[in-house]
Amino acid sequence: MDPTIMVLGAAFVGMVTLVFVVGSILTGRGQSQAESRLAAFMGNSASTSHIADEIVRDGVTTASGLIGAIIARFQNLPRFFQQADCPLSFDKFIMVCAATSVAGCMVPVILRSPPAMFPVGAIVGALAPWGWLWWRRRRRFHKFESQLPDALELMSRALRSGHSLASGLNVVASEMPLPIAEEFNNVYEEQNLGIPLDQALRNMLLRIPNLDLRFFVTAVCIQRQSGGDLAEILNKISHLVRERFKILGQVKALTGEGRISGIVLMALPICLFLAVYTINREYVMILFDREEGRKMLFGAVVMQIMGAICIKKIIDIKV
């Protein structure tokens with residue numbers, strides 16, 4: 001039998017088996033979600049209690065069995081999903097990763113690539129949803145950062161008009177767009193439920209690790225202990241954040257040439273490889289058929305990654 005067909009069949013069977021195992025875990029639960037949470041809070045098992053704590057703190061639906069063991073090893077994973085505002089639960093996300101892994105394994109088969117590319121395609125397909133999740137998280141952080149100065153000015157005006165700090169948080173939650181409205185509304189609801197305001201603000205800082213937000217949380221915590229004009233403090237912080245944005249824009253303009261050069265240098269070897277593979281396939285297959293070629297290919301990938309890291313270090317200027 002053709003070894004290509006054997007490798008393809010093994011990869012396909014493995015991925016389908018993974019999908020069915022995950023599906024059986026999800027459909028074979030003996031308890032409802034509410035009963036599982038109640039059992040967790042009653043302290044039936046340490047691992048279940050840990051998952052229940054993650055559900056209460058992060059609001060992310062986790063799974064039992066195999067998926068729960070994975071989440072127990074990656075304690076910050078539920079927070080990562082919450083920061084990205086992922087519309088999928090972790091269970092469904094794993095199934096999506098399995099499906100994209102199978103699709104990624106099929107691409108080299110359709111292109112008639114060498115068998116060594118089959119696991120590469122499967123790995124790239126499995127990592128694609130994680131890249132989308134990381135991009136979604138980063139975009140949400142950028143939107144929050146751009147909305148923060150307006151939110152601080154709105155709170156300052158609310159305080160000057162006689163509102164309390166909690167009422168100012170509610171004003172931001174009702175008047176500002178997402179995602180900052182959602183985060184400030186969470187703080188407002190937490191302090192309504194009896195959590196100290198300082199702790200509620202620190203919880204928001206854990207969900208949104210932003211330097212400007214840290215200034216705001218620190219200023220509020222200090223002001224609540226020592227007193228002072230909080231409205232004036234918020235105005236100064238808002239002005240500071242806007243000035244940082246101006247400097248950051250200037251830095252991006254000055255480093256634009258370096259970023260474009262980095263993109264070109266990173267994309268050129270890949271595009272050249274695909275072009276040569278399309279024009280003269282036998283010429284490129286030496287990299288896969290011979291031991292020296294595979295070593296050269298591995299060294300090229302390592303040097304490509306090192307170059308990307310060096311270029312990022314050069315153009316990434318902290319403001």
Side-chain angles (χ1 to χ4, degrees), residues 41 49-60 75-85 137-248 251 317-319:
F41 286 121
S49 177
H50 171 71
I51 297 173
D53 292 339
E54 293 290 346
I55 292 174
V56 173
R57 185 171 64 252
D58 298 311
V60 179
Q75 300 180 4
N76 294 328
L77 192 59
R79 183 175 298 154
F80 184 83
F81 271 71
Q82 186 185 28
Q83 290 173 346
D85 194 21
R137 174 177 178 265
R138 186 175 181 181
R139 185 186 64 172
R140 188 168 182 265
F141 283 172
H142 283 323
K143 290 180 64 177
F144 183 94
E145 186 179 17
S146 62
Q147 295 169 353
L148 186 58
D150 295 333
L152 296 180
E153 290 184 354
L154 183 60
M155 284 190 62
S156 177
R157 291 195 297 268
L159 293 174
R160 292 184 186 277
S161 62
H163 290 276
S164 63
L165 179 58
S167 180
L169 294 172
N170 189 29
V171 170
V172 173
S174 58
E175 297 295 335
M176 295 289 295
L178 296 175
I180 197 167
E182 179 183 3
E183 294 297 334
F184 274 74
N185 183 67
N186 291 337
V187 175
Y188 179 73
E189 294 295 336
E190 286 180 2
Q191 64 92 25
N192 279 343
L193 293 175
I195 298 177
L197 184 58
D198 296 353
Q199 184 61 43
L201 291 173
R202 292 190 181 95
N203 292 339
M204 180 174 63
L205 188 59
L206 290 176
R207 296 190 298 268
I208 308 291
N210 181 269
L211 180 61
D212 301 324
L213 182 63
R214 184 179 297 275
F215 292 157
F216 164 69
V217 173
T218 304
V220 171
C221 294
I222 294 175
Q223 189 273 339
R224 288 175 61 83
Q225 296 177 3
S226 60
D229 189 356
L230 183 58
E232 183 65 24
I233 295 175
L234 295 182
N235 272 334
K236 292 182 178 180
I237 295 177
S238 176
H239 176 73
L240 174 64
V241 173
R242 294 187 188 277
E243 290 298 321
R244 286 185 69 248
F245 285 167
K246 291 180 181 179
I247 299 175
L248 185 60
V251 170
I317 300 176
K318 301 297 182 181
V319 178

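Quick note: numbers below take in every heavy atom, side chains included, and nothing from hydrogens, waters or symmetry partners.
In this structure, Tyr188 and Val172 have side chains that are not in contact, with every pair of non-hydrogen atoms separated by 4.5 Å or more. A 4.5 Å side-chain heavy-atom check between Leu211 and Arg244 finds at least one atom pair inside the cut-off. In this structure, the side chains of Leu178 and Asp85 stay at 4.5 Å or more apart for every pair of heavy atoms. No side-chain heavy atom of Val171 sits under 4.5 Å from any side-chain heavy atom of Met155. In this structure, the side chains of Arg207 and Val187 come closer than 4.5 Å at one or more pairs of heavy atoms. Contact of the Asp212 side chain with the Ile237 side chain is not registered, since no non-hydrogen atoms from C-beta on lie closer than 4.5 Å. Here the side chains of Asn235 and Arg160 are in contact, with some heavy-atom distance below 4.5 Å. Within the 4.5 Å cutoff, no side-chain heavy atoms of Asp150 are placed close to those of Leu154.
Atom CG of Leu165 sits about 7.0 Å away from atom CG of Leu201, to the nearest 0.5 Å. To the nearest 0.5 angstrom, Gln83 atom CD is 4.0 Å from Arg137 atom CZ. Distance check: Ile195 CD1 to Glu189 CD gives 11.0 Å after rounding to the nearest 0.5 Å. Distance NZ/Lys143 to CG/Leu148: 14.5 Å, rounded to 0.5 Å. Note that CG of Asn170 is 7.0 Å distant from CG of Asn185, once rounded to the nearest 0.5 Å. Atom CZ of Arg202 and atom CZ of Arg214 lie 10.5 Å apart (nearest 0.5 Å).
The two residues Ala231 and Ser156 have their closest heavy-atom pair at O-OG, 3.0 Å. When all heavy atoms of Pro179 and Gln147 are compared, the closest pair comes out as CD-OE1, 3.5 Å. Nearest heavy-atom pair across Leu213 and Ile208 is CD2-O, 3.5 Å. In this structure, Leu234 and Leu159 approach most closely via the heavy-atom pair CD1-CD1, 3.8 Å. Shown here for Leu197 and Arg224, the closest heavy-atom pair between the two residues is CD2-NH1, 3.5 Å. Considering all non-hydrogen atoms of both residues, Pro149 and Ser238 come closest at O-OG, 3.2 Å.
Under the 3.5 Å distance criterion, the side-chain polar atoms of Thr218 are left unmatched by any main-chain donor or acceptor of Phe215.
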Worked check of side-chain contact (heavy atoms from CB on, under 4.5 Å) between Ile233 and Ile222 | CA-CA 11 Å; Ile233 295 175; Ile222 294 175; over 6 Å; no
Salt bridge (Lys or Arg N to Asp or Glu O under 4.0 Å) assessment of Glu175 paired with Arg157 = CA-CA 13 Å; Glu175 297 295 335; Arg157 291 195 297 268; over 6 Å; no
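Residues Asn186 and Glu190 bring no donor and acceptor atom of their side chains to less than 3.5 Å of each other.
By the neighbour-count criterion of 12 heavy atoms within 6.0 Å, atom CZ of Arg242 is densely surrounded, having more than that number from other residues, nucleotides or ligands.
By the 30° and 60° cut-offs, the orientation of the rings of Phe216 relative to Phe184 is tilted.
Taking 4.0 Å as the cut-off between side-chain N and carboxylate O, Glu182 and Arg140 count as a salt-bridged pair.
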